Amino acid sequence: MTKYLKKEEIDEAAIIEISKALKEGKLVVFPTDTVYGIGTNAYNKEACERIYEVKGRPNNKPLIMLISDVSMLKEIVEYITPAEQKLIDNFWPEALTIKFKKKNGIIPNIVSASDEYLRVRLVNKGLIYNLIKTSKVPIVAPSANLSGSQTGTKIKNIINELGGKVDYILNYGDLESDTVSTIVQVIEEKLLIIREGKIKKEELAKIIPLL
């Protein structure tokens, strides 16, 4: 059964309750810094598998992870290259998702679609920041919609598609923007833009040469 909470109902006690649920592997729909996401504990293999099932998401499509501070990143990635550090210093916290070489045996393979990289973004404000900080775990957060349908910005659509399939839906109303994060990867100290979103290639090219 899905529990619905409106923005005005989400106080400190609710944040503690929802953060505990996330840590336990429950599925929660929440607004992020871009669109609504459907999230759970990135360390929990069964919970991450459930996200794929609920969304009807192909297993070869990796999940984006959200963190609340760089210390979380260091627990899950093998290293941070100088170019990756430049991106962190210049763009985080912003809508930039960076691919990092993952540490083996930490994050379930399903999160990375069994490749060698994790796709990570840092947030430092809003509800999602408070949930990650309180739960103390990285959160996977693909957009809150069924695969192939409209990106999750309209709360009515989200409730119609995901109501009854997730544990919580946090209703902050419709979101104005459907702009997704930009996804990049550093290859030999040059930048590959995998998906251009909120941050444009011209901004990135000022920091690191593009491939």
Side-chain angles (χ1 to χ4, degrees), residues 1-5 10 12-78 92-93 97-147 152 158 162-170 172 181 183:
M1 183 182 291
T2 300
K3 184 171 182 177
Y4 297 89
L5 290 172
I10 300 175
E12 188 175 345
I15 286 173
I16 291 170
E17 174 190 334
I18 298 158
S19 298
K20 183 173 181 285
L22 280 166
K23 192 166 189 175
E24 290 172 351
K26 300 291 194 294
L27 303 196
V28 180
V29 170
F30 43 68
T32 72
D33 55 331
T34 54
V35 298
Y36 274 95
I38 173 173
T40 195
N41 183 348
Y43 292 125
N44 188 317
K45 179 175 179 282
E46 290 75 20
C48 293
E49 287 173 345
R50 193 174 156 214
I51 281 190
Y52 279 90
E53 291 166 11
V54 165
K55 280 179 61 72
R57 186 181 181 91
N59 285 350
N60 63 352
K61 289 187 71 175
L63 301 175
I64 287 175
M65 297 170 54
L66 301 180
I67 59 172
S68 59
D69 62 72
V70 175
S71 66
M72 275 187 177
L73 180 69
K74 292 175 180 176
E75 292 174 9
I76 58 177
V77 303
E78 191 70 35
W92 276 8
T97 299
I98 305 171
K99 283 180 66 172
F100 295 95
K101 183 77 179 294
K102 69 179 182 182
K103 276 185 187 174
N104 288 328
I106 306 294
I107 297 293
N109 282 335
I110 192 167
V111 172
S112 63
S114 296
D115 77 9
E116 296 181 306
Y117 297 91
L118 298 175
R119 294 133 182 95
V120 187
R121 187 163 89 250
L122 176 77
V123 293
N124 78 334
K125 60 184 177 182
L127 173 66
I128 182 56
Y129 169 72
N130 288 325
L131 292 174
I132 298 169
K133 187 179 178 184
T134 305
S135 68
K136 296 182 172 62
V137 294
I139 300 296
V140 292
S143 60
N145 60 305
L146 299 182
S147 285
I158 290 167
L162 299 175
K165 298 177 181 177
V166 298
D167 300 290
Y168 288 82
I169 292 181
L170 311 184
Y172 274 55
S181 68
I183 303 176

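Just so it is clear, the structure is predicted and the values come from calculations on it, not from any experiment. Basis for what follows: all heavy atoms, side chains included, without hydrogens, waters or symmetry-related copies.
The salt bridge (charged side-chain N to carboxylate O under 4.0 Å, His left out) check on Lys45 picks up Glu49, with sequence neighbours excluded.
Within the 4.5 Å cutoff, the side chain of Glu75 has heavy atoms near those of the Tyr43 side chain. With a 4.5 Å cut-off on side-chain heavy atoms, Leu73 and Trp92 count as touching. In this structure, the side chains of Pro93 and Val123 stay at 4.5 Å or more apart for every pair of heavy atoms. No side-chain heavy atom of Thr32 sits under 4.5 Å from any side-chain heavy atom of Ile64. Side chains of Ile139 and Met65 form no contact here, defined as non-hydrogen atoms less than 4.5 Å apart. The closest side-chain heavy-atom distance from Ile51 to Val140 is below 4.5 Å. Between Thr40 and Val28, the closest side-chain pair of non-hydrogen atoms is not below 4.5 Å. Thr97 has its side chain out of reach of Val120: every pair of non-hydrogen atoms, C-beta onward, lies at least 4.5 Å apart.
Atom CG in Leu5 sits 5.0 Å away from atom CD1 in Ile18 (nearest 0.5 Å). For the atom pair Lys23 NZ and Ser19 OG, the distance stands at 9.5 Å (nearest 0.5 Å). To the nearest 0.5 Å, atom CZ of residue Phe30 and atom CD1 of residue Ile128 are 3.5 Å apart. Taken to the nearest 0.5 Å, the SG atom of Cys48 stands 11.0 Å off from the CZ atom of Arg57. Between the CG atom in Leu131 and the CD1 atom in Ile10 there is a gap of 8.0 Å [rounded to 0.5 Å]. For the atom pair CD1 of Ile67 and CG of Asn124, the computed distance is 11.0 Å after rounding to the nearest 0.5 Å.
With respect to Asp167, the salt bridge (Lys or Arg N to Asp or Glu O under 4.0 Å) criterion is satisfied by exactly one of Lys26, Lys20, Arg50: Arg50.
Across Leu66 and Ala141, no two heavy atoms sit closer than the pair CD1-CB, 3.7 Å. Across Leu122 and Ser68, no two heavy atoms sit closer than the pair CD1-C, 3.3 Å. Pro108 approaches Ala42 most closely through the heavy-atom pair CD-O, 3.1 Å. Residues Gly163 and Tyr4 approach most closely at CA-OH, 3.3 Å, considering heavy atoms. Smallest separation of non-hydrogen atoms from Ala47 and Gly25: CB-O, 3.3 Å.
Checking side-chain atoms of Asn109 against main-chain N and O of Ser114 turns up no donor-acceptor pair under 3.5 Å. Side-chain atoms of Arg119 come within 3.5 Å of backbone atoms of Tyr117 as a donor-acceptor pair (strictly under, hydrogens ignored). A donor-acceptor distance shorter than 3.5 angstrom exists from the side chain of Lys102 to the backbone of Asp115, with no hydrogens or angles considered. The backbone N or O of Ile110 sits less than 3.5 Å from a side-chain atom of Tyr52, completing a donor-acceptor pair.
Counting only residues at least two apart or on different chains, the side chain to side chain donor-acceptor pair (under 3.5 Å) pairs with a member in residues 131-144 are Ser143-Asn145.
Between the side chains of Thr2 and Lys165, no donor-acceptor pair is found at a separation under 3.5 Å. Side-chain atoms of Ser181 and Thr34 include no donor-acceptor pair closer than 3.5 Å.
With respect to the salt-bridge test (charged N to carboxylate O, under 4.0 angstrom), the residues Lys103 and Glu116 do not qualify. Classification of Asp33 and Lys125 as a salt-bridged pair fails, no side-chain N sitting under 4.0 Å from a carboxylate O.
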Exercise. Which is it for Phe100 and Glu78 under the side chain to side chain contact (heavy atoms under 4.5 Å, CB included) test, yes or no, and what are the steps along the way?
Worked result: CA-CA 8 Å; Phe100 295 95; Glu78 191 70 35; over 6 Å; no
For this session: Begin with the C-alpha distance, continue with both residues' side-chain angles, and end with the deciding distance and a verdict on side chain to side chain contact (heavy atoms under 4.5 Å, CB included) for Leu146 and Leu162.
Result: CA-CA 8 Å; Leu146 299 182; Leu162 299 175; 4.0 Å; yes
